[in-house]
Every structure is written in C-alpha cells, then in structure tokens.
Amino acid sequence: MSAETVARLADLLLVAIIALDVYLTSTSRLGARVRACALQGVVHGVLPFAVSGAVLAQVPGGMIHLVLATVGTLALKAVVIPFFMLRAVRESGTRREVEPYVSLHLSLLIAVALVGVSFALAAAFGPALGRAAVPSLALPAGLSTLLIGMFLTINGKTELTQIIGYQVLQNGVFVLGQTLVGESPLLVELGVLLDVLVAVMLTGLFVVQLAAPSALTAHADVDSEEEPS
Amino acid sequence: MIPLALLVVWPVACIAVAAVLPRPRAVLGLGVVGSLVQVGLFAGVARAGFAGRTLGVGEQLLLDPLSAFHLALVVTVFAMSSIYACYSFAPQLASGQLTRRKARRFGAAWFAFLGSMTTMLLANHVGLMWMAMEATTLASAVLICLEFDRPSLQAAWAYLLICSVGIALALLGTFLLCGEARAAAGGGDPFLWTHLSELAPRMRAAPVHLAFLFLLVGYGTKAGLAPMHTWLPAAHSQAPSPVSAVLSGVLLNCAIYCISRFVPIVEGATADAGWALGLLVPFGLVSIGVAAAFIVGEHDIKRLLAFSSVEHMGVIALGIGVGGGTAALFHTLNHSVGKMLSFFCAGTLAQRFGTRDMRQMRGILTVGSSAGAGVVLGILALVGLPPFSIFMSELWIVKVGIGGGRYWTVAAFLVGAGVVFVAAIRHAVEMVWKRPGEGREPVAPARLGWPLVVLPLAVLLTLGVWMPPVVLRALESAAAVIQGRP
C-alpha cells in the first residue's frame, strides 16, 4: 500500500469513529449502544495499523507487538465485553434508556455541538501538541469520543447506560493515546483492557443486585429500607 | 535484602488462600497474619528505600524515599485495620451473619486492595502505576458493598464510576506526557520514572501543561480533592469501618502520591517556574472550604470523618503547593494515624448505638469502652488542637506559606480550618454531654481493644511535642523527591 492510501484509510477509520459517536447518542436502545461501542472498539483496534504500521514495520519486533495489541483489543472489546454487557442488558430487563436527563433529540444536538467543539479545540491546541505523522482527524476524533463518552456517562440514569458511556470515554482515551503517543507498551494496553473488563464484570454484579431500574433515583426511600426486617 | 517483587507477590498469594479458607474466623486470622507479614517484608527493604533508589524486576519496580514513606503508612494502617476487623466483625461472626461466602469475598478483596496499593507505590512504570491505581478502585468497590444492601451498593457504584472516569482522564494525561517524552527522545524509556526525570528538561512546556491538567483532575478525583470529591462521603461512610479506615487513612494519600510524582517532571519541563505547584493551591483551598461548609451540618459520624478527609487532602495539596513538601508529608503521616484511630472508634460506637447519627449518641465516655474517649480525642486531634501533631504540621504549613509571602492563601486556609475546628468540636461535645432525655442508650455490645486506641494516640502526642531525628530524615528525603532532588 502506498503512503497515500494508508493515510486515506486512517482518515476513513477516524470518520467512522466520529459517526459512531453521533449514532451512540441518537439511539436509546441499549443493545444497539453496546454494539456500536463494540464496533468502535474494533475500529480503534485496527487504527494503529493505519496510523503507525509503516513506521513499526521497520522496528524489530514492532509488527508482533502491533498484532498482539490488536488481537487483545479485538478479543476483549468486540467479543468478551459485549458478551457480558448484552447479558446484563437481558438480565436487567431494560431494553431502552428510560427518562434520560436530556431528551434524545436534544442529546443529538449536543453530540453534534461536541463534535464541533472538538474540531475547534483541535485547531487551537493541535499545533502545540502535534507531531508530523499524526493524521489531521485524529485529535478531533479522539476528543469528540472523549467528550461524548463523558456526556453519555453523565446523562445516563441506569448503571448500564453509565458504563456504556464510560467505555466510549475509554475508546476516546485510546484513540488519542494511539495517535498522539505512537505505540504504547503492550503491557499498558492489555493491562488497561483488563481493568476495563473487570469494571464491566462488576457492573454486571451491580445490575443484578440493584435490579430495579430506578435504584439510583430511590434515595428518598432509602431510610425505610435500611431498617432490619 | 528482600527482593521488591516479594512485596507484590505475597498479597496475591494471600488472595488465593483467602478464597478457599473454610471458616470465616480463619479468614479474619489470615488478614492479621498476612498483613503483619507484609509489614515484616517492608521492614526488610525500608532501610535501603529511605537511603536511595532500589530497582526490582528489571527496571519495572522502584523503591525510593517517597514511595518508602507512603508504603510504610500503607502496611502499618493495613495491619492495624486487619486487627480492628477482628473486633468489628465479631458481632457478625457470633450471629452467623458473616457467612463463609462473605468472609471469603472480604478476604480476597482485602488482599487485592493491599496488593494493588503496594504495586502502585512500587511501580517504576507509569502505566503499571495507572493500572494498579484502577485496580485499587475495583478491589475497594467490592469491599464498600460487602453488606450488599442498597445504600452501600449505591455508594460503591458511584465510587466505581466516578473514580474510573477520573482515572481514565489521568490515563490520557499519562499518554500525553509520555508521548512528549518520547518525542523529546534522547534514548531512555519514556514510561519509567527513573528516565522521565532525565528527559524532563528537554520536553516542551505546552504539551506538559496539558498533560498535568488531566493528571491533576484524574488522580485528584481519586484523592477526593473538591470539586471532584462527590463520591467520597457516601463511599467512606457506607463501607465497613476497617475498610473506611484504609480508604481514608491511606488510599487518598496514594492518589496524592501519584500527583506529587508528576510535579517534579512538570517543573523540570517548565524551568521550575512553579506552574504545577501553583495549580495545587486553589484545589487545596476549595477542598478545605467545601469540607468546612459540609461539616457544619453533618450528623452522621462517619460522613463527618469523610468530609474531614476532604479537608486534610486539601491541606496536603496546599502544603505541597506552597512549597512545603516536608510539612505536607508530615501532615500526611499525622492525618493517616488520626483518621485510622477515629474510624476505629467511630465504627465501634456506631455498632454500640446501632446508628451513625451523632444526635442519637449520648454519654459516650461512660459506655465502658475506650472507643468513646478515642473518638473525642481523635476528633480533637483531627481539627488541629495542640499538643497533637496535626497542629504542628498545620502550623508548619502556615509558616512556609507566610515565609513565601502568600498571606491571602494562608488566611483562607485558617478561616476554613477555624470553621472545621468549631463545628467538629461542637459535635464532639454534644456526644459527651447531652441534656437528659436526648439520645439513646447503647443497644449492642461492641468491643475495641485498648491498644488500637492507645498506640495511635501515643504516636500523635509524641510527634506533637518531639520530632525524632530518624522521622525527620525520612520526611526530608521523601520531600526531596517531590522537589526534584532525588
């Protein structure tokens, strides 16, 4: 592949990440959100090939590192974590986000605004941070994923929507990390993935225990339930 | 000398044993033995740690005076809390409420918590440090909701989510900083502390500033610095009291440790202009102010202590910010001991009265346990009453602040500390002397071994009147790391 094709491929992947951000805020079905989040994981899993594959191919052991990191990311983000999440969605019996703080229409507008803010921020801070090899879309794509992940976390009322938001936020951190830092050590990437996995599994536990979808808003009746029966 | 890796491996071995022990009583026993062995292991490396740098497992682990200081606090508070756990869980053990499953869950998460904190402090690799920090969140979230009732589950969930999001931002900061270190090049692994400090002068200021903002907000969330402290009061008050003691006593310090490790790197990259230190001051002042505002109207004794932790983390951040590294570390030591003592006693009182509401407690000095006196003296020590050592460390920070010409900062600090002083003492006095007819009589027997009260008090009193030269040397060599002179 020529350098130009690779650069175009990287841009395409980054556009896909932004599109998935917007899609995530525009659907209230939890299953769809889990799948979109997993797809985002797949995209950022293969992103390093497009961004720094050419450089790494010349480093001894670089390609092995890249393949291992990608396999690890894909296995956890596209298979294991979605599996747990979808099971938790089924067990909780909630198919849709009920009563988010901000309505679906408004959150779509907010998402678009956040993407705009990301481009503005990237234009302002990009020159100070950037290195020559970074694709121009990397900074806005990473920032908008980060911001939209944070918005989803804050806007969600149930544990499931909040943890999906957290995973989107993690995707954003990874996109920024992969594009700004170049390759990070294998140990770090896999370790971070492991932590995310445990967090998701704990969420499953919380979802089962706090079975009622209104659990987090039930502060008012905590006192009556606290008494030993 | 004992290899550093042993300090990481031993808690992991204890997790495995705790998960298969047949009886709840045995799990509590393992907690005591396991954490005392960890103290012994640390004692084996302590001398070398305070003297200079020790590396382990290639270059992945590092023990230097700063990490040795924090590790000393961690292993001590863990061992004391493990002993307290035997008292704290005794009523549950007698009534059979501490089932085998629950005990195993406690034991495994307890040692996972100890192991992750130890790994975090020993990590020479910035990424390993981040991972271990997130692992402390995961392990302690399990401990907070040990009872599995709704309030504790809600508290644990808020803790897990808010801290994970915070720590994710710290990861971004780490990536930014290490990316800049890599671009600065010149050989060396940009992810190792030992190399980062050498690379620092060659880094550009703008990316390092941005990275430190993310790191400060991220690890600051975990440290309970306001306004990112919202998870803290619920998590620290809903957790079982031995867990509260560790959360408040040392986990918060560990997050401050992460920030203070990055400070000399940032200062090195910005020609020691004091930019990073200057950022710590407002966070410290806001934390003190927020804590003061909430302590006034707080009636839950464990929430009161939790807000007091927010205040003291603010004092420590402020101390580092005004350039008093040694004073801030001295304050860290005093706060850990004082907060551990207070949570031991407050937990025992809460069990005795069957409530955490201070308005319901009366005559706590005469209920026949050292816990009542301990809680009163603990609160007096925490608000900074002389001759307790917290007074000395706060005075030291004030002196450093005035010496640096930061009069307004010192004034704001004193106002906040003054409000906390009056409000907390009022609560303490009301628990001791109540008008007849107010409050309730103790309902349940709960014991607390007197050494758990006397030992911390002795430390607080001794350090208040006399600073042993060996402690001063340890504090100064640890502070030298924060000031970039390892």
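Computation of the quantities below employed the complete heavy-atom set of this structure, encompassing side-chain atoms and omitting hydrogens, waters and symmetry-equivalent molecules. To find a chain, count down the sequence lines: A is the first, B the second, and so on, and within it residues start at 1.
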Side-chain contact, heavy-atom cut-off 4.5 Å: V198(A) with E134(B)?
no

Flag yes if more than 12 heavy atoms outside F151(A) fall under 6.0 Å of its CZ atom; otherwise flag no.
yes

If I compare all heavy atoms of L169(A) with all of A168(B), which pair ends up nearest, and what's the gap?
CD2-CB, 3.3 Å

Heavy-atom distance under 4.5 Å to chain A: side chain of I167(B), backbone, both or neither?
neither

Using a heavy-atom distance cut-off of less than 4.5 Å, which residues of residues 135-144 of chain B contact chain A?
A135(B), L138(B), V142(B)

Measure L172(B) against the heavy atoms of chain A and call it side chain, backbone, both or neither at under 4.5 Å.
both

Can you give me the closest heavy-atom contact between L146(A) and L169(B), atom names plus distance?
CD1-CD2, 4.3 Å

Heavy-atom distance under 4.5 Å to chain A: side chain of A156(B), backbone, both or neither?
both

Contact summary for Y166(A) and L161(B), nearest pair of heavy atoms:
CB-CD1, 4.4 Å

Minimum heavy-atom distance between W157(B) and Q162(A), given as atom pair plus value:
NE1-OE1, 2.7 Å

Within a 6.0 Å radius of atom CZ on F83(A), are there more than 12 heavy atoms belonging to other residues, nucleotides or ligands?
no

